Amino acid sequence: MDLNGLPADYDALRRIADRHGLPLIEDAAQAHGATYRDRPVGALGTMSGASLNGSKTLSALGEGGLFATRNEEEYRLARRVLMFGEELPGQGRDYNARIMGWNYRIDVLAAAFARSQLTRLPEMSRIRRANGAALTAALDGIPGIRPPVVPEGLTHVYFFYPQLVEPEGLGLEDVPVEAFREAVERAVCAEGLGIMRRQPQPVPAQTLFQELRGYGRGCPWSCGHARPGHAYRPEEYPVAEEICRRRLVLGQSFSSLGPPNDERTMRRFADVFHKVLVEERASLIALARRCAREAEWVPSPTPSDRFVRC
């Protein structure tokens, strides 16, 4: 929910949840260290969960995660789910499952590492914010890409640095967005800067939701929890679809915005985009046209400009 390092719009989400009497469950995995109106992510919903794998801004190196809630009963239920549905009086087990549960225990060494990283999180987040701001400033005025926007009152920790490609910014109305995106990705990667598409479709377009492949014989869709005939139609999410068509992201490994990279590194990142989109523009356009021919992409209608955050 807190995608790329930027918190979601929790005031709007809370209004929707309250209107329908629903708990607001936060996924804070991509935004450890970010804030929403001076409140830290992970504490913005009724409860929250967050992965701690090696790619995250708060990492346990291996697999693991966090669960947070202010409600004692929710905490007790979470403890049951963690340990096969059993109660955990103190630290002991009674080997009696009360509810369905799984094994969600984190390795103790991974937990210790994550706990130590918490002390470093404020400084790492400060560096990420500074690097993101520096890169956005350095990309200002380069046509063909749109850097991320950080709304007032929010902070961004740039788990990924997402950009939207805009071939129309170069006057390429006849070049399909997909072909231009492919060309930019190839050209930037050829310069040694890792960039990737990531998340090529909105969640409702994924196979699970298109084929309603749940658990058992299709629950929750087949066991009375969904209205009859319910279906997920990707075209009902045009903004998400348009972002997925246009987005490329920097992040992780040597294209990370985290330490030890600094503002000098961000200027070098920006130099790559300047070379690809300005100095070698003719070559990029030729590559985009070749990509279009190879994949038989065709230009789409002029998109809405409703998408402003990524």
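Along the sequence shown, residues carry numbers from 1. Keep in mind the model is a prediction, meaning the values are calculated, not measured.
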Keeping to residues at least two apart or across chains, list the disulfide bond (SG atoms under 2.5 Å apart) pairs with something in residues 126-218.
none

Say whether, by atom type as modelled, one donor and one acceptor occur between the side chain of Ser116 and the main chain of Phe113 under 3.5 angstrom.
yes

Closest approach of Leu277 and Val184, non-hydrogen atoms and distance?
CD2-CG2, 4.4 Å

Side-chain touch Val188/Phe269, heavy atoms, less than 4.5 angstrom:
no

Connected via hydrophobic side-chain network under 4.5 Å: Leu13 and Leu22:
no

May I ask you to decide if Glu26's main-chain N or O and Ser48's side chain share a donor-acceptor pair within less than 3.5 Å?
no

Linked, directly or transitively: Leu193 and Ile145 (ILVMFWY side chains, under 4.5 Å)
yes

Rounded to the nearest 0.5 Å, what separation is found between the CG atom of Asp9 and the CZ atom of Arg15?
6.5 Å

Any side-chain heavy atom of Thr57 sitting closer than 4.5 Å to one from Met124?
no

Look at the side chain of Tyr36 and the backbone N and O of Asp11, then say whether any donor-acceptor pair between them is shorter than 3.5 Å.
yes

Out of curiosity, His274 NE2 to Asp271 CG, how far, rounded to the nearest 0.5 Å?
8.5 Å

With a 4.5 Å heavy-atom cut-off, do Phe273 and Gln163 have their side chains touching?
yes

Please find the pair of heavy atoms, one from Gly33 and one from Arg129, that lie closest to each other, and give the distance.
O-NH1, 3.8 Å

Residue pair Leu257 / Gly132: nearest heavy atoms and the distance that separates them
CD2-CA, 3.5 Å

Option among Arg79, Arg76, Arg93 that satisfies the salt bridge (charged side-chain N to carboxylate O under 4.0 Å, His left out) test with Glu87
Arg76

Side chain proximity check, Pro40 to His32, heavy atoms < 4.5 angstrom:
no

Assess whether salt bridge (Lys or Arg N to Asp or Glu O under 4.0 Å) is satisfied between Arg181 and Glu178, documenting all intermediate values.
CA-CA 5 Å; Arg181 184 200 65 232; Glu178 295 85 349; 5.5 Å; no

Supply the atom-to-atom distance Arg281 CZ to Leu170 CG, rounded to the nearest 0.5 angstrom.
5.0 Å

Quick check for you: to the nearest 0.5 Å, what is the distance between Leu82 atom CG and Tyr104 atom OH?
9.5 Å

If you group Ile, Leu, Val, Met, Phe, Trp and Tyr by side-chain heavy-atom gaps below 4.5 Å, do Leu287 and Ile285 land in one group?
no

For a side chain to side chain contact (heavy atoms under 4.5 Å, CB included) check, start with the C-alpha distance between Phe84 and Ile99, then their side-chain angles and the critical distance, and finish with the verdict.
CA-CA 8 Å; Phe84 311 112; Ile99 62 174; over 6 Å; no

Give the C-alpha distance, both sets of side-chain angles, the deciding distance and a yes or no for salt bridge (Lys or Arg N to Asp or Glu O under 4.0 Å) between Glu123 and Arg126.
CA-CA 5 Å; Glu123 177 61 13; Arg126 183 195 66 77; 2.7 Å; yes

Check the pair Glu294 / Arg186 against salt bridge (Lys or Arg N to Asp or Glu O under 4.0 Å), numbers first and verdict last.
CA-CA 14 Å; Glu294 290 173 356; Arg186 289 190 195 180; 3.2 Å; yes

Heavy-atom count check: over 12 atoms from other residues, nucleotides or ligands less than 6.0 Å from Arg98 CZ?
yes

Point-to-point distance, once rounded to the nearest 0.5 Å, from CG of Leu109 to CG of Leu61:
10.5 Å

Side chain to side chain contact (heavy atoms under 4.5 Å, CB included) evaluation trace for Ile25 with Thr46
CA-CA 6 Å; Ile25 302 174; Thr46 309; 5.8 Å; no

Tell me the closest heavy-atom pair linking Ala179 and Val175, and the distance in Å.
CB-CG1, 4.4 Å

Rounded to the nearest 0.5 Å, how far apart are CZ of Arg128 and CG of Asn261?
9.5 Å

In terms of hydrophobic clusters joined by side-chain contacts under 4.5 Å, are Phe160 and Leu248 together?
no

Do Gln30 and Asp2 come close enough that some side-chain heavy atom pair is under 4.5 Å?
no

Joint hydrophobic cluster, Ile127 plus Met266, side-chain heavy atoms closer than 4.5 Å
no

State whether the number of non-hydrogen atoms from other residues, nucleotides or ligands found under 6.0 Å of Asp38 atom CG is greater than 12.
no

How about Ser255 and Tyr161: do any of their side-chain heavy atoms sit closer than 4.5 Å?
no

Going by atom types only, do Thr69 and Glu74 share a side-chain donor-acceptor pair under 3.5 Å?
yes

Answer yes when Arg246 and Glu168 have at least one side-chain N-carboxylate O distance shorter than 4.0 Å, and no when they do not.
yes

Where do Val150 and Thr155 land on the side chain to side chain contact (heavy atoms under 4.5 Å, CB included) test, with the steps shown first?
CA-CA 7 Å; Val150 183; Thr155 62; 5.8 Å; no

Strictly distance-based, threshold 3.5 Å: is any side-chain N or O of Ser59 a donor or acceptor partner for the main-chain N or O of Lys56?
no

Assess the side chains of Gln206 and Tyr232: does a donor N or O sit below 3.5 Å from an acceptor N or O?
no

Treating Ser51 as the side-chain partner and Gly65 as the backbone partner, does any N or O pair qualify as donor plus acceptor under 3.5 Å?
no

Would you say the side chain of Val249 lies within less than 4.5 Å of the side chain of Arg247, judging by non-hydrogen atoms?
yes

Restricting to non-hydrogen atoms, name the atom on Pro200 and the atom on Cys244 that form the minimum distance, rounded to 0.1 Å.
O-CB, 3.7 Å

Start with the C-alpha distance between Lys275 and Glu191, add both sets of side-chain angles, then the distance that settles side chain to side chain contact (heavy atoms under 4.5 Å, CB included), and finish with yes or no.
CA-CA 9 Å; Lys275 179 179 179 179; Glu191 294 297 322; 3.1 Å; yes

Quick test of your reading of the model: are Arg245 and Glu242 salt-bridged, counting only N-O distances below 4.0 Å?
yes

Does the side chain of Asp27 come within less than 4.5 Å of Leu3's, by heavy atoms?
no

Can you see which heavy atom on Pro238 is nearest to which on Glu235, and at what distance?
CD-O, 3.6 Å

Within 45 degrees of the ring normal and closer than 6.0 Å to the centroid, is that where the cationic atom of Arg14 sits relative to Tyr10?
no

